[in-house]
**Student:** 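I am attaching a structure below and will ask some questions about it afterwards.
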Amino acid sequence: TLSPYLRNQVIVAGATKTISGTNTIATYSNQAGVMMDRYLMAEGDTGFDSSSGDIEGTSFAAPRIAGAAAIVKSKFPNLTGANVADILLLTADKDINDDGNDDFSSVSAIYGRGELDLSAALSPVGNLTP
């Protein structure tokens, strides 16, 4: 379990991969499991195709999520780290296979909160200040 002092600031990274034109959780990525409330997926493939194969992994998904957090914090400097994490988690795309329909509601033991959606995170609804 996560430390109660850090829990609301943590995002657990998972990876997606496009296989035969369909986006899905990558075979090398852990599923959300018990961390589903804090789990967010991002593309785990670099898009670089070398002669030895694709370079991929959750180590490529995690910096995409961290970069998105930095962009949100840059746009809204008054937010705390916990606020930024919550925004990224709450605005995640639940249409994992990109067919126009959400693949789950709320949270999923496989997909957690869903896939990173920076556009949604940067388009808040309501007030950001009390």
Side-chain angles (χ1 to χ4, degrees):
T1 62
L2 292 173
S3 161
Y5 302 107
L6 298 176
R7 181 166 175 76
N8 67 348
Q9 298 180 58
V10 171
I11 295 176
V12 178
T16 60
K17 181 172 178 74
T18 302
I19 301 171
S20 300
T22 301
N23 198 36
T24 188
I25 189 167
T27 57
Y28 51 79
S29 179
N30 286 333
Q31 295 181 1
V34 297
M35 297 304 299
M36 66 181 121
D37 284 340
R38 305 304 301 178
Y39 184 91
L40 182 65
M41 297 187 307
E43 179 66 42
D45 190 351
T46 64
F48 175 75
D49 188 15
S50 68
S51 59
S52 61
D54 284 342
I55 301 170
E56 58 190 12
T58 53
S59 56
F60 292 105
R64 286 184 166 103
I65 294 169
I71 292 168
V72 171
K73 178 68 173 167
S74 173
K75 183 172 180 182
F76 306 109
N78 59 315
L79 297 177
T80 66
N83 296 146
V84 172
D86 285 345
I87 287 170
L88 292 176
L89 291 165
L90 293 171
T91 58
D93 182 6
K94 293 175 179 8
D95 179 14
I96 306 304
N97 62 5
D98 298 327
D99 69 354
N101 298 305
D102 287 350
D103 295 304
F104 61 97
S105 61
S106 187
V107 295
S108 163
I110 297 172
Y111 307 118
R113 294 288 184 160
E115 190 172 14
L116 176 67
D117 186 342
L118 183 56
S119 294
L122 292 173
S123 303
V125 176
N127 295 325
L128 291 177
T129 57

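As the structure is a computational prediction, the values presented were derived from the model and not from experiment.
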**Student:** Just to verify, what does Glu43 make a side-chain contact (heavy atoms from CB on, under 4.5 Å) with, not counting sequence neighbours?
**Tutor:** Thr16, Thr18, Asn23, Asp45, Arg64
**Student:** Any pair with a residue in residues 9-39 that passes ring-ring contact (aromatic ring centres under 6.0 Å, His included), sequence neighbours left out, goes on the list, sorted by first then second residue, please.
**Tutor:**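 For residues 9-39: none.
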**Student:** What closest approach, in Å, do Gly81 and Gln9 show between heavy atoms, and which atom pair accounts for it?
**Tutor:**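 Here Gly81 and Gln9 meet closest at C-CG, 4.5 Å.
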**Student:** Could you go through residues 117-125 and list every donor-acceptor pair under 3.5 Å that involves a side-chain atom there, pairing it with any protein atom two or more places apart or in another chain?
**Tutor:**
| from | atom 1 | to | atom 2 | distance (Å) |
| --- | --- | --- | --- | --- |
| Asp117 | OD1 | Ser119 | N | 3.4 |
| Asp117 | OD1 | Ala120 | N | 3.1 |
| Ser123 | OG | Ser119 | O | 2.9 |

**Student:** Which heavy-atom pair separates Gly14 from Ala61 by the least distance, and what is that distance?
**Tutor:**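 Closest pair (atom of Gly14, atom of Ala61, distance): O-CB, 3.4 Å.
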**Student:** Do any pairs count as a salt bridge (charged side-chain N to carboxylate O under 4.0 Å, His left out) and have a residue in residues 91-108, sequence neighbours left out, and if so which ones?
**Tutor:**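 As it turns out, there is no salt bridge (charged side-chain N to carboxylate O under 4.0 Å, His left out) pair with a partner in residues 91-108 once direct neighbours are skipped.
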**Student:** Please find the pair of heavy atoms, one from Leu88 and one from Ile65, that lie closest to each other, and give the distance.
**Tutor:**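 In terms of heavy atoms, the two residues are closest at CD1-O, 4.0 Å.
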**Student:** Using the test side-chain contact (heavy atoms from CB on, under 4.5 Å), find all partners of Ser59 that sit at least two apart in sequence or belong to another chain.
**Tutor:** none
**Student:** Indicate the atoms forming the closest heavy-atom contact of Ala32 with Ser108, along with that distance.
**Tutor:** CB-O, 3.6 Å
**Student:** According to side chain to side chain donor-acceptor pair (under 3.5 Å), who are the partners of Thr80, at least two apart in sequence or on a separate chain?
**Tutor:** Asn83
**Student:** For Asp86, what residues pass the salt bridge (Lys or Arg N to Asp or Glu O under 4.0 Å) criterion, not counting sequence neighbours?
**Tutor:** Arg38
**Student:** Is any side-chain heavy atom of Ile25 closer than 4.5 Å to one of Met41?
**Tutor:** yes
**Student:** Can you spot which of Ile11, Leu79, Ile71, Leu89 makes a side-chain contact (heavy atoms from CB on, under 4.5 Å) with Val84?
**Tutor:**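 The passing option is Leu79.
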**Student:** Any idea which heavy atoms bring Gly44 and Ala15 closest together, and the distance?
**Tutor:** CA-CB, 3.9 Å
**Student:** If you look only at pairs with a residue in residues 85-107, which of them pass as a ring-ring contact (aromatic ring centres under 6.0 Å, His included), with sequence neighbours excluded?
**Tutor:** Phe104-Tyr111
**Student:** If you link I, L, V, M, F, W and Y whenever their side-chain heavy atoms are under 4.5 Å apart, who else ends up in the same group as Met36?
**Tutor:**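 Hydrophobic cluster check, Met36: joined to Val107.
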**Student:** Looking at Arg113 and Ser106, what are the two nearest heavy atoms and their distance?
**Tutor:** CD-O, 4.5 Å
**Student:** Do Ile96 and Ile19 sit in one hydrophobic cluster, given that two such residues count as connected whenever their side-chain heavy atoms are within less than 4.5 Å of each other, even indirectly?
**Tutor:**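 Shared cluster, no.
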